[in-house]
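First listed ligand is number 1; within each ligand, the first listed atom is number 1.
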Amino acid sequence: MIITICGGGNAAHTLAGLLSSQTGIIVRVYTPFDGEAARWQEGVRTTGGILVDTPTGQRIGRPQLISRDAEEALSGARLVILALPAFAHEIILQAIAPYLESGAWVGALPARGGFDMGAGAALSAVKAAQVTLFGLQTLPWACRFERYGQQVIVLGVKEQVDLAAWPPAQAPAIAARLGELLGVPLNPVPNFLSLTLADTGQIIHPGIMYGLFHAWDGQPYPTQLPFYQSVDASIAEILQCMSDEIQNLCTQLELCSPGLDLETVRPLSEWMLRSYRAAIEDASTLQSQFNTNRSYTGLLAPMRPVPGGFVPDFQARYLTEDVPYNLLVTRTWMLLVPRSCESYAAVSLNALAFAGALLVRDERQLEAIKRHGPMNVLPQVGFAQEDA
Ligand code: NAD
């Protein structure tokens, strides 16, 4: 079986090492981003394969091909796995669409929110109908590559993970085969909406970042803060409130749509125990489930070095991936802003711009906005009414 892994980060390293260590599996890696294919090839040449250090031992595997060329990387693949942050899904799906074989399984680890809709748009309706889409609720591992293209550390393995598919009837077959390949039990769930709502990244990452840094005074911290181990009672309360909101939303959606099954969208604490029960020393509170989870040991908050210490990195994946850019939410209304592109005149314009906050990084960007005028800039990243 030929499996193509799309991506060049932590998850892609783990998958490439684990899958290519298995007999009968040919692994190809497609990574067009930022010179990664060349660096990864160099790494594999040095060590002879990718070493995966897991809590239960070492595995080593060597992909047959690592390439930035979609055609050669996708040729003959029956299973295509996107191991990427959500903001890269559509970019990669557009690049691989012409080379996807009819009947292939194409999915994301993890899917995050709205993967089925994004994939449908990126692949075109015809291509999307020729493949089976799937997504996992989360990545089965907490992992970080140690040396690029050479070694990855798996800090923890989740005890089970949910999987959705389109068409939904395919979910049990994909869960069984993929679960076997990954060595993690996968539970088929009835719909992709369950994955969108059960995306714990959208609770945990922005919730902890807010808790840690909302009162930051602008001064550097002497050291980089732990991330999950920094969850205190007040941060746990923030996470609990976010989880409760999603549970309320599920209740309302099920009331409005008889037959809709969102049972697998679990409260955060229940998800922690299903995913990590054996790794958690003290399961008595949500706070202790984070603080005493061995799989999270050593993971640090995204911060960057500056003279005198470290400052929060608000451009890190924990925010850029996990906060929905196109959505404005208040207690009384929500506004979804369809955008045709991410920026204009090099100024990034997210949904906040449509609420009047055009955020610039420097004088040059400020001048560009002044020159064009804010009301002329907004239509450049939006859609005309009839297209929306
Ligand atoms: P990562 O930050 O290591 O992935 C970065 C990679 O994504 C890059 O190396 C590149 O290959 C690709 N990429 C980034 N921007 C791109 C762009 N603009 N165009 C094309 N490719 C681009 O991420 P990861 O740790 O491998 O995580 C992958 C997914 O798994 C994410 O959704 C993450 O939230 C989730 N996740 C990761 C972990 C973990 O422990 N690593 C745990 C739970 C969930």
Tell me whether the rings of Tyr221 and Trp216 are parallel (<30°), tilted (30 to 60°) or perpendicular (>60°). parallel
Ring-plane angle category for Tyr296 and Tyr276, please: parallel below 30°, perpendicular beyond 60°, tilted otherwise. perpendicular
Within ligand 1, which atoms have a heavy atom of Arg144 less than 4.0 Å away? 39 (C), 40 (O), 41 (N)
Nearest-contact summary for atom 43 (C) of ligand 1 - protein heavy atom, Å: Leu139 CB, 3.8 Å
Exceeds 12 heavy-atom contacts within 6.0 angstrom, atom CD of Glu281: no
What is the nearest protein non-hydrogen atom to atom 9 (O) of ligand 1, stated with its residue, atom name and distance? Glu36 OE2, 2.4 Å
Identity and separation of the nearest protein heavy atom to atom 42 (C) of ligand 1: Trp141 O, 3.5 Å
Per-residue contact class, Ala11 against ligand 1 - non-hydrogen pairs under 4.0 Å: both
Does an N or O from Lys158, backbone or side chain, lie closer than 3.5 Å to an N or O of ligand 1? no
Got the closest protein heavy atom to atom 25 (O) of ligand 1, with its distance? Asn10 ND2, 2.8 Å
Any atom of ligand 1 sitting under 4.0 Å from a heavy atom of Gly201? no
Gln137, Arg317, Glu90, Glu321: member with heavy atom nearest to atom 1 (P) of ligand 1: Arg317
The ring pair (Phe, Tyr, Trp, His ring centres under 6.0 Å) partners of Phe310 (sequence neighbours excluded) come to none
Show me which atoms of ligand 1 lie under 4.0 Å from any heavy atom of Ala142. 40 (O)
Once the angle between the rings of Phe145 and Tyr148 is folded into 0 to 90°, is it parallel (under 30°), tilted (30 to 60°) or perpendicular (over 60°)? perpendicular
What part of Phe145, side chain from CB on, backbone N/CA/C/O, both or neither, has a heavy atom under 4.0 Å from ligand 1? neither
Is there a side-chain contact between Ser234 and Ile238 (heavy atoms, below 4.5 Å)? no
Side-chain touch Leu197/Cys250, heavy atoms, less than 4.5 angstrom: yes
Relative to the heavy atoms of Gly8, which atoms of ligand 1 are at a distance of less than 4.0 Å? 9 (O), 11 (O)
Proximal ligand 1 atoms for Pro110, defined as those under 4.0 Å from one of its heavy atoms: 29 (C), 30 (O), 32 (O), 35 (C)
Would you call the rings of Phe213 and Phe314 parallel, tilted or perpendicular, taking 30° and 60° as the class edges? perpendicular
What residues, two or more places apart in sequence or in another chain, satisfy salt bridge (charged side-chain N to carboxylate O under 4.0 Å, His left out) together with Glu36? none
Is the CH2 atom of Trp166 crowded by more than 12 outside heavy atoms at less than 6.0 Å? no
Would one find an N or O of Tyr148, backbone or side chain, under 3.5 Å from an N or O of ligand 1? no
Considering only non-hydrogen protein atoms, determine which one is nearest to atom 12 (C) of ligand 1 and report residue, atom name and distance to 0.1 Å. Leu84 CD2, 3.5 Å
For ligand 1 and Pro85, I'd like to know whether there is a polar contact (N/O to N/O, distance under 3.5 Å). no
Mind telling me whether Phe290 and Tyr228 have parallel, tilted or perpendicular rings, with 30° and 60° as the class edges? parallel
I need the nearest protein heavy-atom contact for atom 20 (C) of ligand 1: residue, atom name and distance, please. Phe33 CD1, 3.7 Å
